[in-house]
Structure formats: structure tokens, C-alpha cells
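Computed from heavy atoms alone, side chains included, the values below leave out hydrogens, waters and symmetry copies.
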Amino acid sequence: LLFFFFFFFTVPSSDKPKPLLHSSHRSTTIFLSPTLHSLSHSLSKMSPIATLVTTLFLIIFLQTQASVHDYRSETFSVKGNAFVVHGGSEGIYSSTLNETSVSPSIPDSFIRFDKVTFRRNKELSNFSSWPIQAVVFEVEDREMIGGSAYGGQRAVCCTGDLAKLGVCNEGRVIHRPSTTVNSDWPQVFGVAFEMDDEVAELPLKSIQITKTGMYNLYFIHCDPRLKELVVEGKTVWKNPSGYLPGRMAPMKIFFQFMSFAYVLLGVFWFFQYVRFWKEIFPLQNCITLVITLGMFEMAFWYFDYAEFSETGVRPTGTTIWAVTFGTVKRTIARLIILIVSMGYGVVRPTLGGLTSKVVMLGGTFFVASEVLELVEHVGAISDLSGKAKLFLVLPAAVLDVFFILWIFTSLSATLNKLQARRMMIKLDMYRKFTNALAVAVVVSVGWICYELYFKSNDIYNEQWQNAWIIPAFWQVLSYSLLCVICVLWAPSQNSTRYAYRDDGSEEFDRDDTTLTLIKPSSISTKDVRSVPDVRPVQDNNGTSNDDLEEDKRE
């Protein structure tokens, strides 16, 4: 159950908190057109094959933009007495510009509105409207938006009763000065439709960010006559270090360090590999492949975040490569741990009839994980319905749990057989391997509990600056386990003593229970000379002991 909770609740989300006004769109950085939005919602009604094909089609042909928020004919939804479109939410660090700065090239933090327009139908353009307003506020000031008359139900739009009290203007968004940023916040500005106007455009505006925080943007209007109103255009969100959202910015540095860590591991492994290349056995070739895939994965993730930070647009091709290398690495790593647990290459030459089952499990896991990772990192998963999200998460979660159960079951059987045959060197190695896996599982369960606690106590993503630690931990844990495997099975001049020897002494498929009762021991030459010839002893019926033993074996 904990592993299912991990896969369901810790799906890497975009750098957005839960929408404070519960708009029709979840917190995403790209908003699909109504046609594509309907298509994504229909995924849950399709057959599994049709869902897979449709999802891959959307992933390949849609380019995800993060700090550049596009609005493509977004419609307003009713929230209380207001009509709302969620324009985006991001963690932004404060600007590095100050009064003493003389160079305009110093990067700064801002939210820029670029040709944001509102469009209404010609048939509904015969009146002047109340203003459509853009509301930008920091998450700690969420209580500064909206109000109520005489302690009644809270409203976003100013009502007639509140207007009579003189606290706001009817038809406008209720807001009070911020107590955490400065008196100019929240930032509220807008535009209204004049008579016969079909299009109204917000003035070009760039809002400087002077305080680090999680910022939210909503487009709100209070005029019920503005039916079928849509918003178009884009906003650009920038941090001092680039266009990466604040939560994702530390991941760029993290993948840089992880790339360096994989290079160090690769140098150690490849040096040993070349030095003792005559002693290499198949398992070590598989470990070499995993290290190589890890190096490529970390490099692609770093380049993905670097280009994202530079342009504000996530490079689809680089992201797909990073996701694919990561999925292949995880699949092969799981398969290696499984077949090692079964004793392949160490105490048995083949998997026998289990080969097809292992390959089928690995192939299924790859497909399920690849689709899930592509949707998380390349597509806009928040635009998928809950059923479609569950359809993508459940297969990977179930397969991973199956991997874990099969691995520890196989390890238990392998340890018992090694102990029965008194293969002490291999037994010691397998015990260390089992202890490493057990520690990894215990640490994983503990981290899952912490992650559930973290998410349950951070509804509005106020702890966004620390959220990067959660996905980074799983990368570190995977790398640590790989290092343990590399130490246990590192190429050396004695590598072959860990490999399977085809001399008839390590057959795992025979029932050698009798061998566990009698253990051979070395006999000196002196002892051999002193041993008299032993003749078969016959019983009263004339049957020798040898014959009796033969009958017992039969």
C-alpha cells in the first residue's frame, strides 16, 4: 500500500500549487485549446490501446512551455459570484536589481503580460461591460482577495451591499493591501469592453518581483452578461537565474552534480573493467550498460533544464531522450537485480523457463513507465482527467511492487541453497547484497511517509523552495544502490570466483537434499594409507549395503 501511495501521490507535478480559486484548469504552465482539452478528458473513456496511442500522439506533437504561459481561447468558469481563468502559478525568487545597479544586463525577476486579449461574440457586443481584471498575488496574501458583507458568505466580486459600505466598487474584484510584500500588492489591473467592441486588450505590463514567493495569476470578471468570453495571449515568468520555475531551478544544479557523480563512478568501473578484462563475466557487462545509461540520462536532463532556463520553452526532443534513457536504465537495473537474486551468472548458467517471464515483465514495465514519464515531463498531465491519470500510474505501481516481491522471494531461495552447499564466498556476497536491498527498501518506505506528510501539509506549495529534494532523493538512492552493486561485483583478478563454474558442482535444479547431510572433507595421504579395504557387508538375506543405498536412491 505504501508503494502504491508513493507512485500515486508523488507523481512529479509542474511547478504550480493547488489553484487558490479552484479554477477549471489545474495549475499548469501550458493551457490546451478547448478541442485538445476535451480530447484529453476523453482518454479515460477509450480502450487501453487507443489511450496509449492517443497519449503518445499528444506528447509528440505538443510542445510544453513552462515559464511562457500560453492562453489559447481559454473560457471562464463560474466560481461563486466571479468568472475565473487560472493564468499560472510559479515560485519566483526576488529580483537581483537594486538602486545601485548600473548595468541593465543584470538578470531580474518579473511577470510580463504580452498581448493578453479578451474576445466576445459579436452578438453580445451591444453593451459596455464591467472590467476584466488580472489579479497577481503572493500565496501568503491569498486572504487579501475577496470579502463578505456582515460576516456572510465570502465573495470575490464586490456586491451591491459591500459597495454601499464604501469598501469597494461594484463589479470589481475585492482586494486589500498586502501585509507581507508591500502596499502596492496584490497587483490588480484590467480593461473593459466599450460599446460594440469585440476585443479588449490588457495594457503591456511587466511586474517586478521584489520578494521571493509563490505567485499566482488569475483573470477575473464579474459581469454575467459576458457569456462565452475567452482569453488569448501569453505571460512570461522569469527568475534571476533564467526562465526555469523556482521549484525546478535547483534541479539544474542537481543534475549537474549527478552527471559528475556518474562520471566518477564510470571512471572507476571502466578502469577496473579494462584492467581485468580477461576476468569479466556477463553480469558485469550488464552493470556497465546501466552506468552508461545513467551517464546519458543525467547529461540529457541537465541539457534539458539548461535550455529550458535559457529560452523559457522546454525542448521536447531533449526531454524525450532524457525520459527514454532514464526508463531504459530503470528497467535494466530492475532486471539485473532480479536475475542476480535468482543466481544468474553466479550460481546458475541460465534462467531456464523463467527467461520469457522475466523478459515479459521487463518489457511491460518499460512501456508503462515510458508512457507515464513522457506524460509527466513532456505533456501537460494536469489537463488529463483523474481516471486517465490513474490509468497511467497504476500499471507502473503494480509492476514495481511485483518486482520487489519477486526479488526478495528469489533472494531467499538463493541464500538457502548457497548455505546448503557451503559456498561461503558467494554466500557472504549475497548477504551483503540482501542487506543493501533491505536498507534501500526501509529508507524508501520512510521517505514515502515523509513525502506524504510533506504534501499533506503544503496544500498551497508554500514550501516550494524545498520541494526539489523529493524527486532528487530517489535519484540519489538509485545511484547509491548502483554504487553498492559496483563494489560487490567490481572487476578484479578474483572475479571468476563469483561467477558460475560449469564443473557440475553448482547445479541448482537438482534436489540435492542428501548432500546437505554429508559434507565432504579433505583426507590426508596418511589417512588414506591407513584406511583398510572395506568390503560390502551383507545382511542375512545376502543383500549388500551398496545395493540398499542404490534402492534408496531409486
Side-chain angles (χ1 to χ4, degrees), residues 6 10-16 29 59 63-68 90-93 107 237-270 289-333 369-370 372-379 381 440 443-444 447 451 454 461 463-483 486:
F6 160 63
T10 65
V11 173
S13 60
S14 57
D15 186 52
K16 316 296 179 284
T29 56
I59 289 170
Q63 186 178 19
T64 303
Q65 297 179 334
S67 288
V68 179
E90 282 192 16
I92 303 180
Y93 291 93
W237 305 52
K238 187 176 181 298
N239 270 285
S241 60
Y243 290 98
L244 271 178
R247 172 185 288 185
M248 300 174 67
M251 293 300 292
K252 175 185 173 184
I253 301 175
F254 170 76
F255 282 121
Q256 188 175 10
F257 277 102
M258 286 302 298
S259 298
F260 182 69
Y262 267 95
V263 168
L264 290 180
L265 179 61
V267 169
F268 161 76
W269 182 265
F270 292 131
L289 178 60
V290 173
I291 295 175
T292 304
L293 290 171
M295 294 171 65
F296 277 104
E297 180 194 9
M298 295 300 108
F300 273 114
W301 277 126
Y302 172 74
F303 290 129
D304 175 61
Y305 281 91
E307 185 173 348
F308 190 5
S309 178
E310 184 69 23
T311 64
V313 178
R314 193 158 197 172
T316 304
T318 307
T319 306
I320 292 176
W321 278 110
V323 166
T324 303
F325 272 106
T327 305
V328 173
K329 185 199 75 173
R330 285 191 297 275
T331 303
I332 295 180
S369 299
E370 179 75 359
L372 177 61
E373 292 292 319
L374 286 175
V375 173
E376 288 176 359
H377 295 283
V378 183
I381 193 171
V443 172
S444 297
W447 189 257
E451 192 168 344
F454 181 88
N461 278 1
Q463 301 296 322
W464 58 274
Q465 296 182 72
N466 302 322
W468 68 275
I469 299 176
I470 291 180
F473 170 82
W474 298 109
Q475 294 283 357
V476 173
L477 181 63
S478 175
Y479 176 79
S480 301
L481 189 58
L482 179 59
C483 288
C486 288

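Between atom CZ of residue F325 and atom CH2 of residue W301 there is a gap of 12.5 Å, rounded to the nearest 0.5 Å. Rounded to the nearest 0.5 Å, atoms CD (Q463) and CZ (R247) are 10.5 Å apart. Between the CD1 atom of I291 and the CH2 atom of W269 there is a distance of 5.5 Å, given to the nearest 0.5 Å. Of the inter-residue distances, the one linking D304 atom CG with S309 atom OG reads 11.0 Å to the nearest 0.5 angstrom. The OG1 atom of T319 lies 8.5 Å from the OH atom of Y305; values are rounded to the nearest 0.5 Å.
Annotation: side-chain contact (heavy atoms from CB on, under 4.5 Å) contacts of W447 (sequence neighbours excluded): Y450, E451, I469, I470, F473, W474.
Other residues, nucleotides and ligands contribute over 12 non-hydrogen atoms within 6.0 Å of the CZ atom of F268.
Counting heavy atoms from C-beta on, the side chains of L293 and L289 come closer than 4.5 Å. Inter-residue side-chain proximity for Y243 and E310 is flagged as unmet; no heavy-atom pair is nearer than 4.5 Å. Between P245 and F308 the shortest side-chain heavy-atom distance falls below 4.5 Å. L265 is listed as a side-chain neighbour of C486, based on a closest heavy-atom distance under 4.5 Å. Side-chain atoms of Q475 and M251, non-hydrogen and from C-beta on, never get closer than 4.5 Å to each other. Between I320 and L374, some side-chain heavy-atom pair lies under the 4.5 Å cut-off.
Closest approach of E373 to T327, counting heavy atoms only: CG-OG1, 4.1 Å. A pairwise comparison of heavy atoms in Y302 and K252 identifies CD1-O, 3.5 Å as the closest pair. Nearest approach of L477 to S444, heavy atoms of both residues: CD2-OG, 3.1 Å.
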Which donor-acceptor pairs under 3.5 Å do side chains of residues 253-262 form with protein atoms, sequence neighbours excluded?
| residue | atom | partner | partner atom | Å |
| --- | --- | --- | --- | --- |
| S259 | OG | F255 | O | 2.8 |
| S259 | OG | M298 | O | 3.3 |
| Y262 | OH | K329 | NZ | 3.3 |

